[in-house]
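Protein chains get the first letters and strands the later ones, always in sequence-line order, with residue 1 at the start of each.
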Amino acid sequence: MSGCPDSVIGGAPEPENVDISHIFDPLNDAQREAVGAAPGPVLVLAGAGSGKTRVLTYRIAYLVQALEVSPLSVLAVTFTNKAANEMRRRIEEMLGFSVRGMWIGTFHGLSHRLLRSHFEAAGLPDSFEILDADDQYRLIRRALRELSLDEGYWPPRQVQWFINSHKEEGRRSAGLESAADQQQQTLLRVYAHYESICQRLGLVDFAELLLRTLELLQNNEALCETYRERFQHVLVDEFQDTNAIQYRWLKLLAAPRNQITAVGDDDQSIYGWRGARVENMDLLQQDFPGTRIVRLEQNYRSTGNILKAANTVIDQNVGRLGKNLWTNGKAGAPVQLYAALDEIDEGRFVVDHVQEWQRQGHRRDSVAILYRSNAQSRVFEELLLAASVPYRVYGGLRFFERAEIKDALAYLRLVTNRESDPSFERVVNVPPRGIGARTVEAVRQQARTEGLSLWAAARALTATDIMPGRARSALTRFIDLVDTLAADCENLELAEQTDLVIARSGLIEHYRRERGEKALTRVENLEELVSAARNFGNESELPGETDLLTEFLAHAALEAGEGQAEAWEDCVQLMSLHSAKGLEFPLVFLCGLEEGLFPHQRSLDEPGGLEEERRLCYVGMTRAMQRLVLSWAEVRRLHGREHYTSPSRFLAEMPPELIEEIRVGISGRRRSAADLARDTVSPSGPTQACADGIQLGGRVQHARFGLGTVVMVEGQGEHARVQVRFERAGSKWLVLAYANLQPA
DNA sequence: GCGACATTGTTTTTT
DNA sequence: ACAATGTCGC
């Protein structure tokens with residue numbers, strides 16, 4: 001018990017005969033303080049690599065073993081399924097027994113569970129269906145169609161963004177009536193219509209899962225009380241990523257005991273663009289008086305140099321909660337910086353160094369290549385392929401998001417619920433069976449006027465002769481097919497049902513007939529779906545009446561699965577900076593450090609955008625354990641165009657003495673990249689007027705590119721270059737001596 | 001209804 | 001550059 005901090009004394013009574021030294025001994029002081037804090041509101045500011053997950057799992061173990069809290073009284077919330085599974089695994093490992101009854105899951109998963117249990121009180125049919133982002137997009141297009149709004153003027157993506165951001169803030173269309181301008185009015189109409197479609201058809205999108213659950217608890221005091229009674233202790237991971245409803249969700253369930261432990265890092269808040277609110281970290285302290293704050297600042301991951309460089313970068317942000325990571329470890333190698341000629345050169349440099357690393361006896365999966373945007377992966381992939389280095393790209397389509405999988409799931413959905421309009425729309429003519437846009441439109445029309453589901457409308461139409469014979473018989477064939485599938489699926493195992501459906505719907509044959517590699521993987525994916533169904537054991541957390549098929553379909557929506565298979569092989573890891581959060585690698589390449597790419601151009605227009613990019617940079621740098629290599633390319637081909645770039649301002653923000661520049665011997669490159677970066681982004685300095693009326697911030701006219709604004713000036717005399725943001729042609733670097741710019 | 005061309009929009013994406 | 005839609009002719 002030597003490791004037990006004083007703070008525990010005077011907290012909850014501690015059973016005398018329980019030895020909990022195994023909980024406290026492996027921890028440092030700050031970790032102990034967090035783990036053993038007396039029940040009550042606790043906010044753990046956990047820096048990168050400071051043992052955040054560890055604290056969370058140890059705290060749960062502490063609650064259970066030392067305070068004899070029942071595992072059933074614990075609610076642990078994460079953002080990803082992976083994190084939830086990992087946490088459960090680690091808790092069980094520590095406790096030595098299964099905690100199946102413990103509620104550990106994602107906000108969405110736990111909400112889903114509550115909604116299934118109380119669908120009636122939540123105002124949902126028992127057959128309610130979860131829409132993923134893709135389903136939601138399609139449904140929004142349908143809503144636009146039904147309101148006769150032109151997709152050109154009302155891009156579905158923007159409407160989707162509009163709806164989701166309101167939902168994530170907890171705002172229903174009904175509460176938004178007082179919109180000022182015309183455009184808002186219309187968007188609101190679409191939102192309202194979308195809501196009514198969802199309500200009528202029992203469709204629940206991701207944000208709805210949360211909002212609906214919140215409302216369920218708010219409107220049913222007794223129910224809310226039951227869960228508050230049950231969840232005596234609430235714990236949250238990645239708290240900086242919570243949005244407005246998630247916060248309210250937590251607050252509601254944690255009350256009135258307020259025994260909540262939130263772990264997060266404001267410096268790693270990189271999902272602001274998706275509605276995440278770092279402010280929740282301040283809000284928590286206000287809303288839960290007496291919140292105990294614990295800072296975890298000792299980093300166990302990175303070398304001193306890496307950490308120092310990352311700290312210096314993040315230090316440029318204002319309004320941080322304040323934290324400075326330190327390490328006991330070695331300073332390690334300097335951070336390296338390579339200024340590449342172009343993205344190919346950058347790629348070659350990275351691949352060369354990966355191979356060298358490998359020759360030194362390291363595993364390939366100890367290397368990560370990180371980038372701001374996924375498009376950057378291509379060059380690396382090509383070069384790795386050419387060098388025969390196995391790699392794995394994260395991101396992209398995940399298993400349950402693939403078209404063929406969603407097709408198969410749509411058939412399965414129709415089998416259990418004929419009324420599912422999204423599924424009907426999806427597969428009514430897949431594989432092609434002669435039901436074209438015209439026929440489907442007729443069905444939609446019928447459904448709309450009669451207030452029926454597409455299925456019921458189709459059935460009604462086939463009973464009349466208002467439809468052309470050909471279309472009618474095709475539609476009848478489809479209806480019969482689904483009915484037959486449903487009849488034959490009765491009493492079959494889930495895997496058999498899946499197998500039957502993909503075979504008899506003609507899906508697998510359809511893809512088998514198609515040529516090309518793509519079709520081949522599709523067939524494989526469909527076969528994989530059958531195994532996935534077989535492996536979908538009954539780890540059921542849902543109420544008893546929910547059948548396995550319904551559960552499987554919900555699982556598919558809530559856990560999209562991995563992007564690529566063979567994770568077993570020893571592979572170099574390629575991923576975006578966002579995907580890298582939470583991971584660590586001995587060797588990290590952070591690539592494409594150029595203005596406009598990272599920080600991304602579009603982030604600069606948004607308030608707080610640059611700071612979020614900087615946090616992203618911090619996240620990237622702190623992934624590295626032993627070695628961090630940075631790179632940028634002077635020329636980058638993007639979207640088919642060549643761009644002359646300047647180094648990212650983040651490079652200029654790093655301490656020069658920790659950075660080792662690597663250059664190839666190219667004449668004309670005399671200045672260091674970091675210096676160059678400092679100059680190009682520095683608003684001060686002797687850059688203002690550079691030539692006859694052309695100056696930073698001034699308006700200029702170019703013969704080919706038109707009107708623009710000078711945003712950067714660099715060099716002098718005949719070497720002077722300016723960056724101009726053209727109204728139509730985008731951003732360009734131009735050599736003043738040749739560009740013939742006129743002041744405008 | 002289906003295959004062939006044109007047009008479009010490309011930051012990040014836990015659920 | 002490139003994929004993923006949308007429009008057109010058979």
**Message:** Check for me whether R277(A) meets the cation-pi criterion with Y247(A), that is, NZ or CZ under 6.0 Å from the six-membered ring centre and within 45 degrees of the ring axis.
**Reply:** no

**Prompt:** Which is true for A437(A) with a 4.0 Å heavy-atom rule: it touches a base, it touches only sugar-phosphate, or it touches nothing?
**Reply:** sugar-phosphate

**Message:** Using a heavy-atom cut-off of 4.0 Å across all strands, would you classify G436(A) as base, sugar-phosphate, or nothing?
**Reply:** sugar-phosphate

**Asked** How about R470(A): does its CZ atom have over 12 heavy atoms from other parts shown lying under 6.0 Å from it?
**Response** no

**Prompt:** Ring centroid separation for F128(A) and F119(A), is it under 6.0 angstrom?
**Reply:** no

Give every pair of a protein N or O atom and an N or O atom of nucleotides 9-15 of chain B that lie under 3.5 Å apart, one pair per line with the distance.
{"from": "dT11(B)", "atom 1": "OP1", "to": "R602(A)", "atom 2": "NH1", "distance (Å)": "2.5"}
{"from": "dT11(B)", "atom 1": "O4'", "to": "H600(A)", "atom 2": "NE2", "distance (Å)": "3.3"}
{"from": "dT11(B)", "atom 1": "O2", "to": "R372(A)", "atom 2": "NH1", "distance (Å)": "2.7"}
{"from": "dT11(B)", "atom 1": "O2", "to": "R372(A)", "atom 2": "NH2", "distance (Å)": "2.3"}
{"from": "dT12(B)", "atom 1": "OP1", "to": "N374(A)", "atom 2": "N", "distance (Å)": "2.7"}
{"from": "dT12(B)", "atom 1": "OP1", "to": "N374(A)", "atom 2": "ND2", "distance (Å)": "3.2"}
{"from": "dT12(B)", "atom 1": "O4'", "to": "R372(A)", "atom 2": "NH2", "distance (Å)": "3.1"}
{"from": "dT12(B)", "atom 1": "N1", "to": "R372(A)", "atom 2": "NH2", "distance (Å)": "3.4"}
{"from": "dT12(B)", "atom 1": "O2", "to": "R372(A)", "atom 2": "NH2", "distance (Å)": "2.3"}
{"from": "dT12(B)", "atom 1": "O2", "to": "H578(A)", "atom 2": "NE2", "distance (Å)": "3.4"}
{"from": "dT13(B)", "atom 1": "OP1", "to": "S576(A)", "atom 2": "OG", "distance (Å)": "2.4"}
{"from": "dT13(B)", "atom 1": "OP1", "to": "S579(A)", "atom 2": "OG", "distance (Å)": "3.1"}
{"from": "dT13(B)", "atom 1": "OP2", "to": "N374(A)", "atom 2": "ND2", "distance (Å)": "3.0"}
{"from": "dT13(B)", "atom 1": "O2", "to": "R274(A)", "atom 2": "NE", "distance (Å)": "3.4"}
{"from": "dT14(B)", "atom 1": "OP2", "to": "R398(A)", "atom 2": "NH1", "distance (Å)": "2.7"}
{"from": "dT15(B)", "atom 1": "OP1", "to": "N81(A)", "atom 2": "N", "distance (Å)": "3.1"}
{"from": "dT15(B)", "atom 1": "OP1", "to": "N81(A)", "atom 2": "ND2", "distance (Å)": "3.0"}
{"from": "dT15(B)", "atom 1": "OP2", "to": "R398(A)", "atom 2": "NH2", "distance (Å)": "2.6"}
{"from": "dT15(B)", "atom 1": "O3'", "to": "L558(A)", "atom 2": "O", "distance (Å)": "3.1"}
{"from": "dT15(B)", "atom 1": "O2", "to": "H108(A)", "atom 2": "NE2", "distance (Å)": "3.3"}
{"from": "dT15(B)", "atom 1": "N3", "to": "R274(A)", "atom 2": "NH2", "distance (Å)": "3.0"}

**Complete:** chain A vs DNA chain C, heavy-atom contacts under 4.0 Å, first-to-last nucleotide span, 5' to 3', is dA1(C) to dG6(C)

**Request:** Using distance alone, with no hydrogens and no angle criterion, decide if Q160(A) and Q158(A) have a side-chain donor and acceptor under 3.5 Å apart.
**Result:** no

**Asked** If we take the P atom in both dT5(C) and dT12(B), what is their distance in whole Å?
**Response** 16 Å

**Request:** Check the surroundings of atom CZ in R145(A): do more than 12 heavy atoms from other residues, nucleotides or ligands lie under 6.0 Å from it?
**Result:** yes

**Request:** Classify the ring geometry between F380(A) and Y371(A) as parallel (under 30°), tilted (30 to 60°) or perpendicular (over 60°).
**Result:** parallel

**Message:** Considering every strand and a 4.0 Å limit on heavy-atom distances, what is the contact class for R637(A): base, sugar-phosphate, or nothing?
**Reply:** nothing

**Item:** Whether F552(A) and H555(A) hold their rings parallel, tilted or perpendicular, with breakpoints at 30° and 60°
**Value:** parallel

**Prompt:** NA contact type, R141(A), heavy-atom cut-off 4.0 Å: base, sugar-phosphate, or nothing?
**Reply:** sugar-phosphate

**Prompt:** Under 6.0 Å from the six-membered ring centre of Y191(A) and within 45° of its axis: does the NZ or CZ of R171(A) meet both?
**Reply:** no

